[in-house]
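Notes follow the structure.
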Amino acid sequence: MQDRFQEYFLMSETDIEDYVRSRLDFFDLDKALACTEIGDGNVNYIFRAKGKNRSVIVKQAGKATRIDKNWFLSTDRGRIEANILTIQEKLAPGLVPKVYLYDPVMCAILMEDMAGYTMMRTALMQHRSYPRFAEQISTFLVNSLLLTSDVVMEHKAKKEHVKSFINPELCEISEQLVYTEPYNNEKNRNLVFAPNDDFVREHLYENKPLHLAVAKLKFDFMNNAQCLVHGDLHTGSIFVNDMHIFVFDPEFAFYGPAGYDIGNIIANLLFAWCNARTTMEAGPGRDAQEQWLESAVTDVIDLFIEKYHAAYEENVSDPMAQTEGFADWYLGSLLESTAGVTGLEINRRVVGMAQVKDITTIPDASKRAAAERALITAANRFILCADQFRTGADFLSNFLDAARNTLC
Ligand code: SR1
Ligand code: MG
């Protein structure tokens, strides 16, 4: 058969069977494949091709984002995503989907299907709990972050990594949507929930001390090539089942501050808590869901700290990083940046253009408004007092204090 995939075009469901067969030797020739578009993200196109016994995911980078067809992005993000998944599979085996092939012509990744798994945000909005989550994500975080840093990697090899993960356009999205627009609405595309207009003006747009703290975090994001970060590690980038998780969708990857990934996780667990609090009936079911989410927040941080120390001890290679006191100082800086990013991720998802369904689908307007105010209150303290968060309990109590005042 003539290969009609020699030149880039944006594929649709009807192209996927031919495409997959042209690239992989996976499927019986005499059985048709069921091909469906399954993505609902803001950026790329994701298809599942399913044969009798096997299935595969095709993720193609379009030239424009899905959220805005006039917003053009380099398709090089497909290469970056395939490369980071391959590295993370070595560092955290089994916690990311396996890449079968990256096709630089179609800018498409063919990868393992996470069949039998649910997107974590969807599952959390169904108020399901995953007792193994903190254990698994903390392993992923320590391995993918610490082991790609200068503490562990040979420094010239690490600099080669930094080069190959330069991701200017995707980083620019975060610089705008996370580090700028929630504080000034400069492109007039924030989506502020009307009952909170005044609150947002006072606490975000006119809050000068907050702007200074955010500016410092923005320049840390742009200049601190610390670790190979996923770059968009919210609960829509994780697939879960009762036993296991997969982290996927790392097209925003680059060398940046470790706290960027950890803070994203914490913030998104707090969105799930707000969803449970405002949409579940008061009673034992809601209490259990909230308690699980609260322990997930504390455990992610505390297990990260515990595993960080063990991994540091085992893997540190830089002689100066072995100086007594350095590991603790470095950890302190990671936790400070984690707190700052937790606050930034909260604010951008509450008022920015890319919001989260956990909050936007809360049906009762006064509960949604109260949840958003609690989140912004907690977020601003995460940002302004970032150096005061050193344990899981510190992270949780800041949020619960804010929630107690507005949501209980
Ligand atoms: C144009 S992309 C908007 C947002 O979606 C992605 O998941 C990232 O979070 C990005 O900021
Ligand atoms: Mg994504």
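Owing to the predicted nature of the structure, the values given are computational and were not obtained by experimental measurement. Remember, it's 1-based here, ligands and their atoms both numbered in the order they're listed.
Ligand 1 places these atoms under 4.0 Å from at least one heavy atom of Ala354: 3 (C), 4 (C). Close approach of ligand 1 to Leu177 (heavy-atom distance below 4.0 Å) involves ligand atoms 3 (C), 11 (O). The Ile67 neighbourhood of ligand 1 comprises atoms 1 (C), with distances under 4.0 Å to a heavy atom of that residue. Per-residue contacts place His234 under 4.0 angstrom from the following atoms of ligand 1 (heavy atoms of the residue considered): 7 (O). For ligand 1 and Phe252, the ligand atoms under 4.0 Å from any heavy atom of the residue are 6 (C), 8 (C), 10 (C).
The shortest distance between side-chain heavy atoms of Phe5 and Val105 does not fall below 4.5 Å. Side-chain contact between Pro363 and Thr279 is present, with heavy atoms from C-beta onward closer than 4.5 Å. Side-chain contact between Met106 and Leu10 is absent, with no heavy atoms from C-beta onward closer than 4.5 Å. Within the 4.5 Å cutoff, side-chain heavy atoms of Leu407 are placed close to those of Trp273. In this structure the side chain of Thr361 reaches within 4.5 angstrom of the side chain of Met125, judged on heavy atoms.
Residue Val43 touches ligand 1 through its side chain alone, judged by heavy-atom distances below 4.0 Å. Heavy atoms of Ile173 found under 4.0 angstrom from ligand 1 belong exclusively to the side chain.
Arg132 forms no cation-pi arrangement with Trp292, by the criterion of a distance under 6.0 Å to the ring centre and an angle within 45° of the ring axis. Under a cutoff of 6.0 Å and an axis angle of 45°, Arg368 and Phe193 form a cation-pi pair. Judged by the 6.0 Å distance and 45° axis criteria, Lys63 is positioned over the aromatic ring of Tyr8.
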Under 3.5 Å, which donor-acceptor pairs link side chains of residues 85-102 to any protein atom two or more places apart or in another chain?
unit_1	atom_1	unit_2	atom_2	d
Thr86	OG1	Ala82	O	2.7
Glu89	OE1	Gly94	N	3.3
Tyr102	OH	Arg79	N	3.2

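In this comparison of Arg348, Arg349, Glu345, Met353, the heavy atom closest to atom 10 (C) of ligand 1 sits on Arg348.
Annotation: atom 3 (C) of ligand 1 to nearest protein heavy atom, Asn42 ND2, 3.6 Å.
Residue Asp232 has at least one N or O atom closer than 3.5 Å to an N or O atom of ligand 1. Residue-to-ligand polar distances keep Trp71 apart from ligand 1: every N/O pair is separated by 3.5 Å or more.
Aromatic pair Phe221/Phe254: centroids less than 6.0 angstrom apart.
For the side-chain hydrogen bond (donor to acceptor under 3.5 Å, both in side chains) criterion with Thr180, the lone passing option out of Lys218, Arg348, Glu175 is Lys218.
Excluding waters, the set of protein N/O/S atoms under 2.8 Å from the Mg ion (ligand 2) reads Asp249 OD2.
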